[in-house]
Amino acid sequence: MCGITGWISFDRDLRTERDTVDAMTETMACRGPDDRGTWIAGPAALGHRRLAVIDLPGGRQPMTARTDRGEVVLVYSGEAYNYTELRDELAARGHRFTTASDTEVVLRGYLEWGEGVAERLNGMYAFAVWDAPRRRLVLIRDRMGVKPLYCYETPDGVLFGSEPKAILANPLARRSVGPDGLRELFVNVRTPGRAVWDGMREVEPGTVVTVDRSGPRRRVYWRLETRPHPDGRAATVRRVRSLLDDIVRRQLVADVPRCVLLSGGLDSSALTALAARRLAASGERVRSFSVDFAGRTENFVADELRPTPDSPYAHDVARSAGTRHRDIVIDPHALAAPELRARVIRARDVPTGLGDLDTSLHLLFQAVREHSTVALSGESADEVFGGYRQFFDEEARTARTFPWLVRHDRDFGSGTTVLRREVLDALDLPSFTRDSYDTAVAAIEHLDGEGESERRMRVMSHLHLTRFVRMLLDRKDRASMAVGLEVRVPFCDHRLVEYVYNAPWALKSFDGREKSLLREATADVLPTSVYERVKSPYPATQDPKYAVELQEQGKELLARRGHPVFQLVDPGRLSAAVHHTAPQTTPAARSGLEHALDLALWFDIYAPAVRLG
């Protein structure tokens with residue numbers, strides 16, 4: 001895993017800027033608590049914080065290879081799950097290795113294939129190569145965007161980092177947010193390549209960015225393509241299971257303690273059972289962890305979104321698979337603590353407005369990290385296999401907007417009701433959303449002769465896999481790396497994504513339920529209770545003390561009328577949100593208040609200069 005950063009300045013010698021490079025590197029100490037390193041020579045400076053997972057003594061970075069023409073230097077974050085095969089191939093081509101790390105395989109792969117190494121990697125990764133002989137920087141990001149990577153052009157080069165905070169630590173980067181950045185904050189849509197901060201760009205998934213004296217150039221090496229699906233139901237189920245077995249086998253490789261995150265839902269239960277079966281062959285029991293709130297299971301109240309509590313199902317899986325299981329039980333009072341909410345915003349670099357969904361995730365990962373360094377997660381299965389309710393919602397299927405917004409606005413509200421009217425008018429969020437949707441749909445390829453219903457479902461799948469999932473992956477990465485935990489996402493293996501994406505919707509829902517292919521492919525390892533369970537989202541607290549604490553914080557914020565957050569937040573709307581947040585209120589009712597509190601903390605921590613025009 002790890003955090004990377006760097007500065008390329010073609011007009012200066014960066015050896016005089018070591019303090020700045022060190023400051024950029026140290027912003028990511030949480031991502032890499034085990035080691036740090038910097039490399040500076042002439043126009044290039046690279047920084048690295050390491051979370052040691054494979055070859056603990058041998059994988060130090062920045063890693064350098066000497067060639068006849070000069071040095072090639074790598075800083076790398078992530079894991080290449082096929083590194084042993086690539087290592088054998090490179091050794092056969094004459095490369096000699098001095099470590100057992102996947103980092104050295106990536107570096108040697110660049111020496112052999114140049115930027116073409118990207119197409120050969122299977123994994124989650126974001127890395128930078130300073131190619132001194134060619135005086136160029138090469139930035140590469142994995143296909144699905146599991147690992148983050150940002151860049152910021154300067155007059156004579158570029159800044160880059162795993163997170164915006166690394167770039168913002170450089171005086172050349174402005175802490176300002178304009179209209180486009182604010183739109184990204186206030187609409188539940190991710191625009192490819194766009195970052196919230198002015199002048200900053202996200203290196204898009206499946207992309208290589210090369211920077212030399214003439215500026216940056218971009219090449220897409222992978223995109224989600226439309227192809228015919230030749231297999232019938234039985235063959236498709238077999239292929240899905242074969243892929244999952246191989247993916248789990250690869251992603252269990254580590255030289256540190258591993259575990260699985262188990263919610264009791266279909267996705268995490270399938271991974272837990274497959275991991276347990278794999279490790280049992282070598283006499284090892286897998287660890288599993290679940291999140292729960294104090295008193296939630298005993299006092300659970302079903303609603304439309306969450307018909308059942310998670311714990312009984314997680315325990316069924318743990319017993320069935322024979323895991324070493326532990327429930328992480330969270331005190332609801334702790335979820336509202338301002339210092340915890342501030343840690344979440346520092347991890348994300350922006351206000352999220354997700355309230356206890358984010359703070360509880362942070363506490364879960366923090367507790368898991370005390371026992372394991374690597375965790376497997378069921379993240380992204382809903383996007384790959386069609387698990388969300390909107391896939392079965394006719395309004396969401398046919399609306400001229402992102403389908404999750406239809407469900408989100410119906411279930412949670414828009415989350416923008418506390419904003420000032422002039423802010424909403426200036427940003428014109430409906431037009432922004434409509435234009436973003438039209439742009440996204442225009443990029444989708446369809447097969448000749450594809451019927452209207454199948455076209456709609458292909459659009460649904462494509463939007464979830466190229467827009468929605470990236471928001472969730474970013475949330476997962478930031479929350480886990482903030483506590484030095486590496487979370488792997490087997491369902492993001494590009495081979496599985498490509499294969500299932502092109503399966504017709506009739507195959508993905510052959511039994512009339514969500515995620516039919518995944519359920520059938522893993523039926524033999526699932527307890528009956530999980531096999532038959534209806535999907536339930538990540539849990540939210542139902543404890544009234546949480547809402548009461550939010551109310552108190554809202555009242556305190558209203559008393560600070562000079563706070564810069566009121567550039568965006570309307571005091572009257574905030575007051576209404578405070579008084580409508582009753583102890584038994586729902587997550588939908590308290591979303592506006594949570595949004596305002598997060599915005600206020602963001603101003604306190606980052607002091608952004610915001611512009612509406």
Side-chain angles (χ1 to χ4, degrees), residues 1-2 50-56 58-59 61 63 74 76-91 97 99-110 112-113 116-127 140-149 205-206 221-222 239-261 267 270-272 274-275 277-279 281-282 284 286 372-381 384 469 473 476-477 480-481 485-500:
M1 203 50 77
C2 315
R50 186 184 183 206
L51 178 66
V53 171
I54 292 176
D55 188 8
L56 307 191
Q61 300 182 48
M63 187 173 284
L74 170 73
Y76 167 76
S77 171
E79 304 292 346
Y81 301 126
N82 63 335
Y83 79 99
T84 54
E85 298 100 308
L86 290 177
R87 180 189 174 96
D88 291 342
E89 182 178 354
L90 288 164
F97 292 86
T99 76
S101 69
D102 61 331
T103 303
E104 188 177 12
V105 172
V106 174
L107 178 56
R108 290 284 163 184
Y110 176 82
E112 180 67 31
W113 299 300
V117 67
E119 285 90 336
R120 295 174 177 267
L121 296 174
N122 175 294
M124 55 177 189
Y125 47 83
F127 60 91
I140 297 178
R141 191 173 178 202
D142 67 66
R143 294 168 180 85
M144 290 294 290
V146 181
K147 302 312 299 175
L149 185 57
Y221 71 88
W222 183 86
R239 178 60 176 158
V240 168
R241 177 55 178 270
S242 174
L243 283 168
L244 287 173
D245 283 338
D246 182 67
I247 292 164
V248 169
R249 173 184 65 83
R250 292 177 182 276
Q251 297 200 19
L252 282 172
V253 173
D255 296 332
V256 292
R258 301 149 297 176
C259 69
V260 290
L261 304 175
D267 319 331
L271 288 182
T272 299
L274 293 175
R277 176 173 289 193
R278 176 72 189 178
L279 293 180
S282 58
E284 184 178 350
V286 68
S372 296
T373 307
V374 170
L376 270 61
S377 165
E379 193 84 80
S380 308
V384 174
V469 76
L473 290 173
K476 178 273 309 171
D477 176 85
S480 59
M481 294 309 296
L485 177 69
E486 175 176 304
V487 175
R488 298 176 177 178
V489 278
F491 291 113
C492 277
D493 185 291
H494 70 278
R495 300 168 299 164
L496 181 68
V497 171
E498 291 170 345
Y499 184 75
V500 177

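The figures that follow rest on heavy atoms only: side chains count, while hydrogens, waters and symmetry mates do not.
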**Report entry** ring pair (Phe, Tyr, Trp, His ring centres under 6.0 Å) against Tyr499, all qualifying residues, sequence neighbours excluded
**Finding:** His229

Report the residues that fulfil salt bridge (charged side-chain N to carboxylate O under 4.0 Å, His left out) with [X], sequence neighbours left out, ordered by chain and then residue number.
X: Arg278; result: none
X: Arg120; result: Glu89
X: Arg141; result: Glu202
X: Asp493; result: Arg495

Which residues pass the side-chain contact (heavy atoms from CB on, under 4.5 Å) test with [X], sequence neighbours left out?
X: Pro490; result: Ile247, Gln251, Leu271, Leu376
X: Arg258; result: Leu252, Ala254, Leu279, Glu284, Val374
X: Ala126; result: Lys147, Leu149
X: Ala100; result: Asp55

Partner residues of [X] under the side chain to side chain donor-acceptor pair (under 3.5 Å) criterion, sequence neighbours left out:
X: Ser101; answer: Thr99
X: Tyr83; answer: none
X: Glu85; answer: Arg250

Query raised in the report: How far apart are the closest heavy atoms of Asp142 and Val146, and which atoms are they?
Result: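 Result for this residue pair: OD1-N, 2.9 Å.
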
